[in-house]
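Please read the structure below before turning to the comments.
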Amino acid sequence: MKSTTLRRSNITKEKVAMMEALSRYNKQHQDEDFYRSQSKSKELDVLWQSFGVKSSKNEKAPQVYFVTGLICGVIITLAITTLISLLVNLTTPKDDIVVPKKSNVETSGKFSFIPADTAANKTAPAVTSDHNYTVKEGDTLESIIIRFYGSFDMSKVNAIQAANKMANPNALSIGQKLIIPMNP
């Protein structure tokens, strides 16, 4: 070390010499400790083998537990989701379904998958009776029109508005009775 560095750090030459001697001493004894620890580890291995303790290398890796937990979590989530969907389907009220009244015209016994708009125009005659409907919670005029007519159309909104003498078709209240004209 330079003498200027020693003066600035307030370390005397005696302290520097003592630190150098200590570092030399540690280097010498480090090597001895290394050889001493090597011989002791062999002795300990022999002692553990005679004691009958098995090594912990046979333990399962943490990845096995992670993958097992992940798979169990996915299965439980699917089971809960299925259970909830079944409960929702069982508790859904079925009285909201409107079955139109049978007309006097006999059907040919054929079943058609044609949507309501085109089926009404092509094959089935128009039903002339009006339906009464009581507004329930969550109903909108659009959902009521789709329920009775099969699709949404502004002319149907106007027909319902005129039949019920409504100023605002969006102002429905729960329990309100509506007349639904079936040939708008």
Side-chain angles (χ1 to χ4, degrees), residues 41 44-45 47-49 51-184:
S41 66
L44 288 175
D45 287 342
L47 285 174
W48 280 112
Q49 288 173 358
F51 189 67
V53 175
K54 295 181 181 177
S55 66
S56 62
K57 292 180 182 177
N58 294 335
E59 292 181 7
K60 293 181 181 176
Q63 292 87 0
V64 173
Y65 295 113
F66 175 75
V67 171
T68 304
L70 184 70
I71 291 171
C72 289
V74 167
I75 290 171
I76 290 171
T77 303
L78 288 174
I80 289 172
T81 306
T82 305
L83 181 67
I84 289 173
S85 67
L86 287 174
L87 288 175
V88 166
N89 287 340
L90 290 176
T91 59
T92 304
K94 304 295 184 207
D95 60 344
D96 288 347
I97 300 172
V98 176
V99 179
K101 295 179 183 178
K102 290 185 179 180
S103 63
N104 294 335
V105 179
E106 292 183 22
T107 59
S108 63
K110 294 181 181 177
F111 188 73
S112 174
F113 285 104
I114 300 172
D117 284 335
T118 57
N121 292 339
K122 291 182 180 177
T123 59
V127 180
T128 58
S129 65
D130 294 339
H131 284 287
N132 291 329
Y133 180 74
T134 303
V135 178
K136 296 178 184 162
E137 184 176 353
D139 279 343
T140 61
L141 194 57
E142 180 179 348
S143 67
I144 294 170
I145 289 171
I146 291 173
R147 181 178 295 147
F148 282 97
Y149 299 116
S151 66
F152 181 77
D153 188 13
M154 278 308 289
S155 64
K156 296 170 185 170
V157 172
N158 296 335
I160 291 175
Q161 188 175 0
N164 294 294
K165 299 177 181 131
M166 297 169 57
N168 184 2
N170 294 324
L172 296 177
S173 59
I174 298 173
Q176 180 180 357
K177 303 266 185 203
L178 292 178
I179 300 170
I180 309 294
M182 292 315 289
N183 54 356

For a quick test of your reading: what N or O donor-acceptor pairs under 3.5 Å do the side chains of residues 62-79 make, sequence neighbours left out?
| unit_1 | atom_1 | unit_2 | atom_2 | d |
| --- | --- | --- | --- | --- |
| Thr68 | OG1 | Val64 | O | 2.7 |
| Thr77 | OG1 | Gly73 | O | 2.7 |

Tell me, do Met166 and Leu172 make a side-chain contact under 4.5 Å, heavy atoms counted?
yes
Do Ile160 and Phe148 have side chains that approach each other closer than 4.5 Å (heavy atoms only, starting at C-beta)?
no
Contacts of Asn164 meeting side-chain hydrogen bond (donor to acceptor under 3.5 Å, both in side chains) (sequence neighbours excluded), chain-then-number -> none
By side chain to side chain contact (heavy atoms under 4.5 Å, CB included), which residues pair with Leu83, not counting sequence neighbours?
Leu87
Distance (rounded to the nearest 0.5 Å) between Met154 CE and Ile145 CD1
8.0 Å
So which atom in Ile146 and which in Phe152 form the shortest heavy-atom distance, rounded to 0.1 Å?
CG1-N, 4.1 Å
Roughly how far, to the nearest 0.5 Å, is CZ of Arg147 from CD of Glu142?
12.5 Å
Tabulate below the donor-acceptor pairs under 3.5 Å that side-chain atoms of residues 174-181 make, not counting sequence neighbours, or state none.
| unit_1 | atom_1 | unit_2 | atom_2 | d |
| --- | --- | --- | --- | --- |
| Gln176 | OE1 | Ser173 | N | 3.1 |
| Lys177 | NZ | Thr134 | OG1 | 3.3 |

